[in-house]
Amino acid sequence: MTQAELMRFDAAINPYGCSPAVVDALVAAAQARAFRHYGDVDARALREGLARHYHLHPDNFVVYNGSGEAHVWQCVARLLIARGVFICPYPSYERFVEVGRRCARSVVEVPLVPGSWTLPVDDFIAAARGSGATVAMISSPNNPTGNCILDESSLTTLLDALPECTFLLDEAYAEYTSTSFAGLVRTRRNLIVLKTFSKAYGLAGLRVGYLVAHPDVAAGARMIQIPWSVDSLALTAAEAALGDQAYLREVVTRIRNDLGHFQAGLGRLAHVRAYPSDANFVLAELVGTTWQSLEPRLAARGIVVRRRADMPEHIRVTCMTPEANEVLLQALAAEPES
Ligand SMILES: Cc1ncc(COP(=O)(O)O)c(C=O)c1O
């Protein structure tokens, strides 16, 4: 990675990148000009690999250009055409909420508990019932707060309490927790789990993600899929990445370890309140200082952090390499100008 890329703390990517097996598979495919053929029309090989990985059936999976594309199709079908109501926690992953906003008749946002950022499950159920919500979107670990906002018991409570509402559970960062609720689709038809190769697997630029759902629900999603929508090199890369679970475990352990040091460093800073994270990024609140005073110090070092217009006193920073994290910590530690 270039120095400028290393200073990008805004994108929540894995700075160590993908498994070497992915590079080998891509080089072999390129040398063989394998892409002269149309690829695997419905990603059968990848779906078979996913079925082995999750102990599910290939019919439980639909593969897309990123989990973002899966989310868009679900919102178009379930909200735009059906004129449904979208419900989600606040704050949540802005891009996915924005898709809901464009597709839904209305959007209901249920505030997370400030400070702990936990999901008030009863409030969520009441708001969904009150609004007649048909699609719920929840990211866990949540972006931007970084914490897991669901466990199995709260998720099943929601699914059981709201049978008419389809839950899009976004698990983009779940590899960092080594937990997934994908297995629940065996018995729950109102759950669609969105997964991605963009984050821990290190394939963000290749665009591969998938949904996991009950076979009947997945069949409905497949009916509105574009044939050959995911290109053959992206599928080759995803198959190789999935096949190297040892690398995934190694890189996740390394990033969790880096994150521990990063969080400890953030915790020592006087002007920052960092929230605990189960993902590979940290939400930090600026205390006793302002973005206006911080911005020039970050800009001078080429540092880019994630900010949101609705949370002006917060920054979200990805755990990059230990050396890059140190540069950020030093920039944040510098005394604010009076
Ligand atoms: C919570 C969350 N979900 C999904 C995505 C996007 O995933 P994909 O690259 O698979 O579209 C991101 C990317 O930043 C994210 O933060």
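Just so you know, ligand 1 is whichever comes first in the structure, and atom 1 is the first atom listed for that ligand.
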Counting non-hydrogen protein atoms only, what is the nearest one to [atom]? Give residue, atom name and distance.
{"atom": "atom 3 (N) of ligand 1", "answer": "Asp170 OD2, 2.7 Å"}
{"atom": "atom 7 (O) of ligand 1", "answer": "Ser67 OG, 3.1 Å"}
{"atom": "atom 5 (C) of ligand 1", "answer": "Tyr93 CE2, 3.6 Å"}
{"atom": "atom 10 (O) of ligand 1", "answer": "Thr196 OG1, 2.5 Å"}

> Does the distance from a Lys or Arg side-chain N to an Asp or Glu carboxylate O, for Asp10 and Arg8, drop under 4.0 Å?
Replying inline: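 Counted as a salt bridge, because a side-chain N and a carboxylate O are separated by less than 4.0 Å.
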
> Hey, is Glu109 close enough to Arg101 for a salt bridge, meaning N to O under 4.0 Å?
Replying inline: yes

List every atom of ligand 1 that sits less than 4.0 Å from any heavy atom of [X], numbering the atoms from 1 in the order shown and giving each element.
{"X": "Gly66", "answer": "10 (O), 11 (O)"}
{"X": "Gly68", "answer": "8 (P), 10 (O), 11 (O)"}
{"X": "Ala172", "answer": "2 (C), 3 (N), 4 (C)"}

>> Check contact between Phe197 and ligand 1, using heavy atoms of the residue and a distance below 4.0 angstrom.
In response: no

> Can a non-hydrogen atom of Arg207 be found less than 4.0 Å from any atom of ligand 1?
Replying inline: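 For ligand 1, residue contact (heavy atoms, under 4.0 Å) with Arg207 is present.
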
> ligand 1 and Glu69, any nitrogen or oxygen pair closer than 3.5 angstrom?
Replying inline: no

> Does any donor atom in the side chain of Asp151 or Ser154 lie under 3.5 Å from an acceptor atom in the other side chain?
Replying inline: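 Short answer, yes.
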
>> Determine whether a donor-acceptor pair (N or O, by modelled atom type, separation under 3.5 Å) exists between the side chain of Asn14 and the backbone of Tyr16.
In response: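 Indeed, once roles are kept as given, a pair shorter than 3.5 Å links the two residues.
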
> Between Arg189 (side chain) and Ala213 (backbone), is there a donor-acceptor pair under 3.5 Å?
Replying inline: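 No; judged by distance alone, with no hydrogens or angles, the pair does not exist.
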
> Taking atom 13 (C) of ligand 1 as the point of reference, which of Glu171, Lys199, Arg95 owns the nearest heavy atom?
Replying inline: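 Heavy atom nearest to atom 13 (C) of ligand 1 belongs to Lys199.
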
>> Just to be sure I read this right, does ligand 1 sit under 4.0 Å from the backbone of Ser198, its side chain, both, or neither, counting only heavy atoms?
In response: side chain

> Is there a path of hydrophobic side-chain contacts, each under 4.5 Å between heavy atoms of I, L, V, M, F, W or Y residues, that connects Leu184 with Leu50?
Replying inline: yes

>> With rounding to the nearest 0.5 angstrom, report the NE2 to CD distance, His71 to Glu98.
In response: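 One gets 10.0 Å once the value is rounded to the nearest 0.5 Å.
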
>> Would you say the rings of Phe9 and Phe281 are close, in the sense that their centroids are separated by under 6.0 Å?
In response: no

